[in-house]
Every structure is written in structure tokens, then in C-alpha cells.
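What follows is a single structure, written as C-alpha cells, with notes after it.
Note that the coordinates shown come from a computational prediction; the quantities given were computed from them, not determined experimentally.
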Amino acid sequence: MTILIANIQPSVLFSHSVPVKCSRCRMKTLWLSFLMLLVPPGPAAEDGIGPKETKPKKAKLPKMKEEDNLLVLKKSNFDRALKETKYLLVEFYISLSGPSQTLAEEFAKAAGQLKKEAPGIRFGKVDVTDQKDLKKEFNIQEFPTVKFFVDGDRKNPIDCKGVREASAFITWVRRRIGPSTMLINSTDQAEAIINSEDLAVIGFFKELHGGAVEVFYETARDVPELLFGVTASEEVFVSYGIRENTIAVFKKGKPVHNEVSEDGKQNKVDLTRLIKTFTMDLVTEYNLETSVKIFDVPVENHILLFTPKSSETFNKTYEDYKSAAVEFRGKIMFILVDTDETRNGRVFEYFRITEIDVPAVRILNLTSDAKYKMPADEVTVENLRSFCHSYLGGKAKPHVSSEEIPEDWDKNPVKVLVGKNFNKVAFNKAKNVFIMFYAPWSHNCRKLLPIWDELGKKYENHENIIIAKIDFTANDIQLVMLDRYPFFRFFPVGSKNQVVVYDGEYTLEAFTEFLEKQSRPKAEGTEKTPGESKEDLTKEETVIKQKEEL
């Protein structure tokens, strides 16, 4: 299929264009080179290079190391790679990370294909386990992270988010360096695009430059998994019954959504969010395959229905859930969690869901990590709509789980914390508090509890150090992100929201050494220190949250 782009300059349609020398310039250069051959050589300068001498050749740099068509990048060769490569897509990864390993094969496959088709585009990889300077320079927080460098610009890389498959990487790069959409001039061309893929997006715009259409072009660059077309043809407008600027989504050849596009009233983030939701089903069942895709769609509000698929009432509950989802597409993602599936245990644990709770409905805000519980027990369309509207309207209150405070919580060397007394103890203005977060069912936790008790006895009579523990499976602590059990956090004396991650060995000696180094005297915590430098501060919590493991 060939689609013609006629009478419209790429520089007008798209923000990225590639300068091309005109034929007259090339002829002039060629002609001058012929003239130079006709000029006889002049006498050699006394201190210059003589007629029989040649300039010394520059030593060629060795080729950069490659693995699976990927440049192996380090601090020592990163700048060179940028200078030698016009377009460089780089994966920052951790070698032992599951998500990194999953992405590596697709990334390498895309690199191999583009290396043959477009040598000016190269792919590279950085193992941040060793290259900590590069990790810091580019502020890499999640793994893997992919960034695109153009024309050697080290300061302004473009984030490549939500791309997982080789074909999507190739499409993403091509749209970044060339046209992001196909120009449609006839109904036949529109039909060909709409029917060529399961999902296609067509922009109907009366003007193909400026205003809302530019937002459409930018969105197309960031959603490489979908086919995008754009038209200003009156014939195509009439054929699809479109009268104003509109973005239409087609699924398997049929229109599923029309979005009126007005200048100044739409932005790329909102449009990307809306369009990407159509890559998922109206209700997505959580499993190993969909867990990654769920978090690729930039919708920060997730509603989850916990119910056994084996239940006699499942079909009715599911249909009500699906019916409610229609109204909130693009605002709340609807997810089904089968409680019969034992591999979903981490999700039940995260939301504190037990067998007696199901069916249960929760909303999770990915930005704040706050959880909300549907007040009504019965899962109906009316109750679901009311719950979602209450949440979006800011009226719903976060649901916080907490055990009751034990009467003897502070009688032993290791203090017992729950949700209700956590903040009061952890942020004590006069105490340094070292806390173990554990799961009662975890073998590793049970193995470490005796060592933690020893640490508690060692500091039992210390004037400003408290050793504590909390069952994180039964108590919600909004400040602390879920990590692998057991995990440890240190709260310095006098701090308000500062949390220090412990990442040392799990031994009495290592815990003691950490405490002695991190603990602040009482006076320091109660006095303001406006001149304190960043280097003097303990590092704040930077937990890598692998959402796929929830």
C-alpha cells in the first residue's frame, strides 16, 4: 500500500524535518573538486610538508564493544557514542532485574533490524549496577528506563516510556525522526488504514498545521503500538459523518470512540491516556501477562474487583462491573483480580484482602499510593458509579488498615508498632528510631527476629535510640513503600518526613555499625541547622517499586 503526501511540505506538517542539500549545491561542490585537480602544486614551504611527504594519519579509535547489536556504554565511552551517533536509543538497566531481562530481548531484536535498515540509528545499553555516575546524571529511578539522544544532546534526552516490543521500538524511533502520521487524501486510503490493524486512530482536522493537530502529532509519536492517520479531505469528512475537528478510534474496522478536538482545550497527556486505554479491554484481568501492560497505560487511578471466578454470582457481578467501566474510560482503569488464583497472593497482601472480604472493591491512586474502600458491600452498577464519582470528586476518604495498639507494646526492648501509633513513635522529636518491617509468614523474617531482639536489648537503655518492629501485612503506612520482606528503615531524631533506607547485611554487627553512624544526638535533632549541606544529610528513601510484582 502506498500513501501519497502531495503539495504539503514535511516542515509544515511535522515538527521534525531533515535538511537536504539541493542538487545545485552538490554540483557546485563537485565542480570545485575538478578545478582543484587542474591547479599545479606550488613550491613547498620551507618549514612545511614537502612534495614527497604526507600528513601523519590520525590513530583510529577501536570499535566500541557490542553485544547483541547493542553498544555497551560506560562513563568512559558515553560521550564518544553521542558524538558518533546521530540517533541513539539507550536502555538503562539492572542486570539481575526481571523487568530488565524481559525487555532486553525485544530491545536487541529492534537494534539488529534498524542497524541493517538505518545505520544512523543505534541502540545502546548501560548497566547502572556498575555505572552509578550515569545513573545519577540521567536521574534513573525505574528499571529498565529507555532514553533517546538526538544529535549528541546529552542534556535533553527524550523519555521512551511504555514501549515493550521490538516492533514498537522501531515505530517509536521512526516517528521521532520523521512523520508521525500517515496523510489520508481519500476514503479508500482511510479504509485501508482502518482495516489494516486491530486498532487505528484517525485525526480529522480542517487545517493540518498549528493548534490541536500539533497535539495529535505529538501523541502519535508517543503511542507507537497504534497506527495513526490524519486527513483534511472534505470527502473523508463526509464519508464518516464528521463535521468538526475530531479524533476517532477504530477497533477492528468499526468506530468505538469519537473525541472532539478544540484548540487550547486538549493536551498530549490527556489524549495519550485516553487513546492508550483502547489498547486494553474495558475490564482487564490481572495476571502475569497483563501486569506489565496495566502499568504502561498512563491512568493513575485503578479500581480493582476481588472475586472468585468460580463463584455462582460471578457472571452477574462481572457484567455490572463492566457496565460501570464504560463511563470512566480514561479516568479510572477497571481491573479484575481472581481470588481463586494463588499466584495473585501479593496483590491480596498489598490490599489486605482475605477470603471473608470478597467480593471486595478497592481504588488505588498510583501517585500517592492511597487506597480507598467501596462503602457498599454489594457490587452493583449503582454502587460502583457512586463510589467512582465520590473518589473523582475528592469526597472519598483513604482506607487505612491498622491493628489495635497492644497494651504491652512498649514493655519489651523491641517496641511493637501498628498503624495507629506508628507516626507518633517513628517521628519522635527526641529519638532515633530503627524499624523492622516484617511479614509473620516469611521464613526470612522469622529467622531474623531473634537478631532484632538482640539489637533491642543492646540499645534498651540508650537515651535516644528506639528499636521497633511492625507487621507490614496488617498495617498501612503511607510514607513507606512496600519492599521485599524483611526491610528496614531508619527515622533520624527530629526529622519530619525523612526516611533512611538500610541496605546493609542482616547481622547484629552490621545493624550496630549503621546505628552508630546514622544516629544523631538529641541536641542536633531539636536545633535548626539552616547551613547544613546536602552532603551532610543522610540519603532519603529512593525505593525502586517494581509494579509488576504487586
Side-chain angles (χ1 to χ4, degrees), residues 1 3 5 8 10 13-16 160-165 167-176 178-263 265-282 284 293 296-299 326 329-331 333:
M1 178 184 70
I3 296 179
I5 300 179
I8 299 177
L13 272 179
F14 311 106
S15 58
H16 291 287
C160 176
K161 294 182 177 179
V163 183
R164 303 275 176 181
E165 298 176 355
S167 58
F169 277 118
I170 292 170
T171 302
W172 189 91
V173 171
R174 284 175 173 165
R175 288 183 183 175
R176 279 286 161 187
S180 61
T181 61
M182 295 181 179
L183 182 64
I184 300 170
N185 288 318
S186 68
T187 302
D188 288 342
Q189 288 179 346
E191 288 293 310
I193 290 176
I194 290 167
N195 292 306
S196 64
E197 300 286 346
D198 283 347
L199 275 172
V201 185
I202 306 296
F204 295 81
F205 292 94
K206 294 179 180 180
E207 296 290 338
L208 294 181
H209 56 85
V213 72
E214 298 296 340
V215 176
F216 183 70
Y217 294 145
E218 285 297 317
T219 302
R221 290 189 179 93
D222 285 341
V223 189
E225 58 267 41
L226 298 185
L227 191 59
F228 280 75
V230 65
T231 186
S233 166
E234 186 176 346
E235 173 202 336
V236 182
F237 267 70
V238 172
S239 295
Y240 289 93
I242 304 294
R243 296 183 178 181
E244 52 191 331
N245 288 349
T246 300
I247 296 166
V249 181
F250 296 84
K251 191 167 187 176
K252 295 183 178 179
K254 297 180 180 180
V256 292
H257 183 79
N258 279 5
E259 185 81 7
V260 175
S261 182
E262 298 181 44
D263 289 352
K265 291 189 177 181
Q266 198 165 45
N267 60 63
K268 186 182 76 170
V269 174
D270 290 340
L271 185 56
T272 301
R273 181 186 297 120
L274 175 66
I275 290 174
K276 274 211 166 191
T277 61
F278 287 95
T279 64
M280 309 291 288
D281 293 331
L282 196 57
T284 301
K293 295 179 181 179
D296 282 343
V297 179
V299 176
V326 175
R329 183 183 282 278
K331 298 176 183 177
M333 183 179 291

Are V260 and E244 close enough, and set up right, to give a side-chain contact (heavy atoms from CB on, under 4.5 Å), and what steps lead you there?
CA-CA 7 Å; V260 175; E244 52 191 331; 3.8 Å; yes
Between L183 and V230, does the side-chain contact (heavy atoms from CB on, under 4.5 Å) criterion hold? Intermediate values first, please.
CA-CA 5 Å; L183 182 64; V230 65; 4.2 Å; yes
Between D222 and R176, does a side-chain contact (heavy atoms from CB on, under 4.5 Å) hold up when you go through it step by step?
CA-CA 9 Å; D222 285 341; R176 279 286 161 187; 2.4 Å; yes
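For T284, there are no side-chain hydrogen bond (donor to acceptor under 3.5 Å, both in side chains) partners at least two apart in sequence or on another chain. Annotation: salt bridge (Lys or Arg N to Asp or Glu O under 4.0 Å) contacts of R329 (sequence neighbours excluded): none. By the ring-ring contact (aromatic ring centres under 6.0 Å, His included) test, F216 is found to be paired with F205, F228, residues two or more places apart in sequence or in another chain being considered. With sequence neighbours left out, the side-chain contact (heavy atoms from CB on, under 4.5 Å) criterion links D296 to R164, V292. By the side-chain hydrogen bond (donor to acceptor under 3.5 Å, both in side chains) test, K206 pairs with no residue at all, sequence neighbours left out. With sequence neighbours left out, the side-chain contact (heavy atoms from CB on, under 4.5 Å) criterion links A232 to L208. Every residue meeting the side-chain hydrogen bond (donor to acceptor under 3.5 Å, both in side chains) condition with D270, not counting sequence neighbours, appears here in chain and number order: N267, R273. For N258, the side-chain contact (heavy atoms from CB on, under 4.5 Å) partners are I242, T246, A248, not counting sequence neighbours. With sequence neighbours left out, K331 forms a side-chain contact (heavy atoms from CB on, under 4.5 Å) with L392. Shown here are the salt bridge (Lys or Arg N to Asp or Glu O under 4.0 Å) partners of K161, two or more places apart in sequence or in another chain: there are none.
We find the CZ-CG distance between F278 and L226 to be 10.5 Å, quoted to the nearest 0.5 Å. Distance check, rounded to the nearest 0.5 Å: CD1 of I247 to CG of L271 gives 4.0 Å. Remark: I194 CD1 to F250 CZ distance equals 4.0 Å, nearest 0.5 Å. Separating the OG1 atom in T219 from the CD1 atom in I275 is a distance of 5.5 Å, to the nearest 0.5 Å. The line from CZ of R221 to CZ of R175 is 10.0 Å long, rounded to the nearest 0.5 Å.
Summarising the geometry of I184 relative to G229, their closest heavy-atom pair is CD1-CA, 4.0 Å, with the distance given to 0.1 Å. Scanning both residues, S196 and L227, for their nearest heavy atoms gives OG-CD2, 3.2 Å. Closest non-hydrogen pair, V236 versus S186, comes out as CG2-C, 3.4 Å. When all heavy atoms are compared, the tightest approach of T171 to P224 is CG2-O, 3.4 Å.
The main-chain N or O of T187 is never found under 3.5 Å from a side-chain atom of E191 such that the two would form a donor-acceptor pair.
Residue pairs meeting the salt bridge (Lys or Arg N to Asp or Glu O under 4.0 Å) criterion with at least one member in residues 224-240, sequence neighbours excluded: E225-K276. Identified under the salt bridge (Lys or Arg N to Asp or Glu O under 4.0 Å) test for residues 249-261, with sequence neighbours left out: none.
Between F204 and F237, the ring planes lie perpendicular to each other; the angle is over 60°, past the 30° to 60° tilted range.
Here the rule is side-chain contact (heavy atoms from CB on, under 4.5 Å) with W172, and of S167, C160, S180 only C160 fits it.
Between H257 and L274, some side-chain heavy-atom pair lies under the 4.5 Å cut-off.
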